[in-house]
Amino acid sequence: MADTMAMRIALIEHDAFAAHMLLHLLNKTFPHAQVDSYTGRESNLIRRIAQDSYDVVVACMELDLFTGPGLCAAFRKLNDHTPLLGITSYPAHRYEHVLRQCGAQGLVSKNEPKKLLAAVASTAQHRVMHGFTQPYQAHHDLLQRRTLHRNLSAREATVLHLFMQYGNNSKAIGRDLHIHPETARKHLQNIRRKLGVADLTELRTVASNYDLELA
């Protein structure tokens, strides 16, 4: 178990202001901890943090190159022991269901600093939040399930993640990916074609039975 006074924390936050505030809070609360800050844009980031000896990974759900759940799933496939805590500025229900599937150990709002800090400490001690599983079990579950998007591009996999969160809301998907809603619709059409499903209702049904992780 990690000593919360001397633990090692990997913080993944792409927003410079949020990263600065979170670093300040973490360093003030855990003065003997080592906190390494990443933007999510670093080369081979997932493999690097998966192979390092962190006590907890704290990952923002709103990143530039990945969805937060996609990063979590890719990390968990490589790592069966380090807890991962998701953080978000949005209501937790936006990510909670898919994040459970992707191998995280909890999810907390960035807008509630006290709860966030308590969650970092408890997650580092391998105390998982309700509905989430321990890293080893989450890793095992990911490897046992079939992978849905083996034929999808990384962008299509990301669109599929967002489809599972927003439904057929091309504006919301486009907003998160900084693309036009029509482009998001075309991505969904290509996903349906590759997966051999007739419509978006069937796509949601099929997708809910598989892992949603980034390639």
Side-chain angles (χ1 to χ4, degrees), residues 1-76 79 82-100 102-132 135 158 161-162 165-166 172-173 175-178 214:
M1 293 295 183
D3 177 355
T4 56
M5 296 301 293
M7 63 184 168
R8 294 190 66 218
I9 303 169
L11 172 65
I12 308 173
E13 171 60 72
H14 77 110
D15 181 81
F17 178 76
H20 175 78
M21 296 302 295
L22 288 167
L23 277 170
H24 174 74
L25 282 171
L26 291 168
N27 287 324
K28 182 178 179 181
T29 305
F30 311 111
H32 300 292
Q34 175 186 328
V35 185
D36 296 333
S37 182
Y38 303 95
T39 65
R41 306 182 189 99
E42 294 84 356
S43 176
N44 298 319
L45 173 64
I46 295 172
R47 187 169 299 278
R48 285 163 53 194
I49 61 173
Q51 294 177 345
D52 212 325
S53 56
Y54 288 109
D55 294 299
V56 62
V57 176
V58 180
C60 177
M61 294 295 96
E62 299 86 34
L63 300 172
D64 289 340
L65 301 182
F66 301 94
T67 63
L71 181 145
C72 176
F75 171 80
R76 185 54 64 216
N79 181 293
T82 305
L84 186 146
L85 176 67
I87 56 174
T88 179
S89 297
Y90 293 98
H93 65 78
R94 178 171 179 171
Y95 293 106
E96 191 168 11
H97 174 70
V98 69
L99 200 57
R100 287 172 177 167
C102 290
Q105 280 58 64
L107 176 66
V108 67
S109 173
K110 288 189 280 188
N111 301 320
E112 299 181 88
K114 290 184 178 180
K115 288 185 178 180
L116 188 153
L117 292 167
V120 170
S122 63
T123 304
Q125 296 284 349
H126 286 253
R127 294 196 292 269
V128 303
M129 292 186 175
H130 178 71
F132 293 86
T158 302
H161 273 292
L162 295 175
Q165 295 171 32
Y166 297 129
I173 295 172
R175 181 195 64 221
D176 275 22
L177 294 178
H178 308 291
L214 287 178

(request) Check the surroundings of atom CZ in R48: do more than 12 heavy atoms from other residues, nucleotides or ligands lie under 6.0 Å from it? (result) yes
(message) Just so I know, are the side chains of P135 and H126 near enough to count as touching, which here means a heavy-atom distance under 4.5 Å?
(response) yes
(message) Quick check: closest heavy atoms across M129 and G106, and the distance to 0.1 Å?
(response) SD-CA, 3.6 Å
(message) Are I12 and I49 packed together at the side-chain level, in the sense that at least one heavy-atom pair is separated by less than 4.5 angstrom?
(response) yes
(request) Please name the residue in the list M61, M21, K115, E13 that meets the side-chain contact (heavy atoms from CB on, under 4.5 Å) test with K110. (result) E13
(request) Answer whether the closest heavy-atom distance between the side chains of R76 and Q105 falls below 4.5 Å. (result) yes
(request) Check each of D36, V57, V35 against R8 using the side-chain contact (heavy atoms from CB on, under 4.5 Å) test, and report the only one that passes. (result) D36
(request) Kindly give the heavy-atom pair with the smallest separation between C72 and A104, and that separation in Å. (result) SG-N, 3.4 Å
(message) Ignoring hydrogens, what is the shortest heavy-atom contact between L116 and L85? Give both atom names and the distance.
(response) O-CD2, 4.4 Å
(request) Would you indicate whether the side-chain heavy atoms of L26 and V58 approach each other to under 4.5 Å? (result) no
(request) Decide yes or no for F132 and E96: does some side-chain heavy atom of the first lie under 4.5 Å from some side-chain heavy atom of the second? (result) yes
(request) Please tell me if the side chains of I9 and D55 come closer than 4.5 Å, counting only heavy atoms from C-beta onward. (result) no
